[in-house]
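Working notes for the structure below.
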Amino acid sequence: MAVIQKYGKNYSPDLVCHKENHPSDKIGVPGCHKKWPEHNTNWPRPVARVWTVVLLLGTCLLYCARVAMPICAVSMAEQFSWSKRESGMVLGSFFWGYCFTQVFGGYVSDRVGGEKVLLLSAAAWGSMTAFTPVLAHFCSQPILSMTLARFLMGLLQGVHYPSLASLCSQKVVESERGFLMSTVGSGSYLGTLVIGGAGSLMLDLYGWESVFYISGLLSVLWAYCMWKYLLKGEGPIITLESLGSGGAPSKLSKRHWLRLFKQPAVCAVIVTHLCTASTFFTLLSWLPTFFKDTFPDAKGWVFNVIPWLVAIPSSLFSGCLSDHLISQGFDTASVRKLMQFFSMGVSSVFTLLLCGNTTFPWAVAFVSATMGLTTFSHSGVSVNVQDLAPSCAGALFGVMNTCGAFSGVLMVYFSGYLIEATGSWASVFALITTVNLLGLCTFLAFAEARRVDIDSSRVRHHNIHI
């Protein structure tokens, strides 16, 4: 486990020297350079708080629109006479689109601004969600139109998290990134709960079409309000010229990217995020089946709701804790490692407890603890990419998320094979623990928090300890 170091109270990671902001320093003073080229673009704290709430709501609506299809899949299959295989094809097509736009979304966000990409994508996937019932009813082959619609949904929503990472690295100071990312990340759990409750109610009262209409229109309304009140009506225009003329820190050549991927710290965040995403997807996919097989008489709403209710405050707490430790002068890298230790190390203890014979209340408690501790990664590896490469955090996070999504699907399939081959859930939980420990050891050994996206010659005179 990482040993947390604390510096003096006068230590400030955002200041390199006192001459930095003097007007006469525009030409440059030997041995005294700015650490952050984009320092002056940071949001003031009140503005950052407003954006945090708005992005939390946007992520909540993102998951409402994403989960609308799984909730309505049974009703749609009955109406359109889909087989299990056809239903699986519709649901699975989202994943393939989701993987293809991760890097592209981050790349564009690093150059034109994450807020523009978020706005355009939200308006697009919100409209697609609202038009889904129209496409289903007016197409002669609903299975084809729904498969294509879900694929496009994946393409449009794939840019969301890389854009968030890019926006956070450009606009939020280091000591407040943990709170923003953990708060916004909790929107995924909140959205799952909202659409699970309200969506099921609308499905029973008004039909499956209403779920798509409401979630889609609310998403479009959110995009309009962000454009009107936060962006002040500025046109979210993305041109080829703007993509090619991003800020100086964004212009990373192939040589710079190769140098970036040779950094042990960069490889560590990719491997760790891959392991985190794989175990999370596996738990998300198989836990309902585990409860149904092990406790057939248990009520589904208990194990489908309680873990997510625990995950929301846990995610918020991890963000507040990490930012508090950094603001008190603790080493940023050690704080990131501590958060990841809780996410992958301590959570694995509760995962292993599921291997033995246990009662239903204890099983729910262990799963809730596991899911709650897993959210600590929002203040660990998910933020660490912004520490390492703020100038290209969006594109780098896209690479991480693409690897995590692919490995997640593979691990979900492999877990199903283990269940059939061994007939025991213990093998799956042991696999999850092994992957978690692999990612944790990699992160503890190689993770850092210093910038690696700029030449060391530019900062070799800086007396900075991270």
Side-chain angles (χ1 to χ4, degrees), residues 52-79 87 90-91 94 122 125-126 128-130 132-133 136 146 150 153 157 160-161 182-223 225 280-281 283-292 295-317 360-361 363-372 374-375 378:
T52 300
V53 175
V54 171
L55 294 175
L56 166 64
L57 181 59
T59 304
C60 175
L61 291 171
L62 177 92
Y63 268 77
C64 286
R66 181 181 300 184
V67 183
M69 179 64 78
I71 287 179
C72 301
V74 176
S75 298
M76 296 177 69
E78 292 177 355
Q79 181 173 344
S87 296
V90 173
L91 294 172
F94 174 90
W125 56 256
M128 175 63 68
T129 304
T132 296
M146 289 299 94
R150 289 297 291 175
M153 277 287 292
Q157 290 198 351
H160 185 83
Y161 281 104
S182 61
T183 302
V184 174
S186 67
S188 60
Y189 315 122
L190 179 61
T192 303
L193 283 174
V194 169
I195 196 64
S200 299
L201 184 62
M202 288 188 293
L203 178 64
D204 294 335
L205 296 178
Y206 307 108
W208 63 267
E209 294 88 350
S210 63
V211 180
F212 289 96
Y213 289 142
I214 297 299
S215 58
L217 292 176
L218 286 177
S219 301
V220 174
L221 179 62
W222 175 82
C225 291
F280 178 78
F281 285 144
L283 288 171
L284 186 67
S285 301
W286 287 110
L287 279 178
T289 307
F290 162 74
F291 278 106
K292 289 181 180 179
F295 310 100
D297 297 328
K299 295 181 179 180
W301 67 268
V302 176
F303 56 80
N304 283 329
V305 172
I306 291 180
W308 304 113
L309 289 176
V310 174
I312 294 174
S314 176
S315 180
L316 297 176
F317 172 75
F360 177 69
V364 173
F366 294 152
V367 169
S368 299
T370 298
M371 301 307 293
T374 299
T375 65
H378 292 310

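In what follows, residues are counted from 1 in the order of the sequence shown.
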Working to the nearest 0.5 angstrom, can you tell me the gap between [X] [atom1] and [Y] [atom2]?
X: I312; Y: L193; atom1: CD1; atom2: CG; answer: 5.0 Å
X: W308; Y: S188; atom1: CH2; atom2: OG; answer: 7.5 Å
X: S215; Y: L61; atom1: OG; atom2: CG; answer: 8.5 Å
X: M76; Y: M69; atom1: CE; atom2: CE; answer: 4.0 Å
X: M202; Y: I71; atom1: CE; atom2: CD1; answer: 8.0 Å
X: Y63; Y: T59; atom1: OH; atom2: OG1; answer: 8.5 Å

| query | Can you name the one residue among I195, V211, L218 that meets side chain to side chain contact (heavy atoms under 4.5 Å, CB included) with C64? | reply | I195
Specify the closest pair of heavy atoms between [X] and [Y], including all atoms of both residues, with the distance to one decimal.
X: R150; Y: A65; value: NH1-O, 4.1 Å
X: V220; Y: G126; value: CG2-C, 3.7 Å
X: S210; Y: G207; value: OG-O, 2.7 Å
X: T374; Y: T370; value: OG1-O, 2.6 Å
X: P133; Y: A130; value: CD-O, 3.4 Å
X: L56; Y: T183; value: CD1-O, 3.2 Å

| request: Test side-chain contact (heavy atoms from CB on, under 4.5 Å) on M153 and T132 and set out the steps. | output: CA-CA 10 Å; M153 277 287 292; T132 296; 5.7 Å; no
| For the residue pair F303 and F360, does the interplanar ring angle fall in the parallel (under 30°), tilted (30 to 60°) or perpendicular (over 60°) class? | perpendicular
| query | What is the ring orientation for W208 with F212, classed by angle as parallel under 30°, tilted 30 to 60°, or perpendicular over 60°? | reply | perpendicular
| request: Tell me yes or no: between the side chains of S314 and T375, is some donor less than 3.5 Å from an acceptor? | output: yes
| task | Check the pair M371 / V310 against side-chain contact (heavy atoms from CB on, under 4.5 Å), numbers first and verdict last. | result | CA-CA 8 Å; M371 301 307 293; V310 174; over 6 Å; no
| message | Using the rule given for side-chain contact (heavy atoms from CB on, under 4.5 Å), can you reason through L57 versus V53, listing the C-alpha separation, both sets of side-chain angles and the distance that settles it, and then say yes or no? | response | CA-CA 6 Å; L57 181 59; V53 175; 5.7 Å; no
| Working for side-chain contact (heavy atoms from CB on, under 4.5 Å), residues W222 and L62 | CA-CA 10 Å; W222 175 82; L62 177 92; over 6 Å; no
| Taking side chain as C-beta onward, heavy atoms only, is W125 less than 4.5 Å from R66? | no
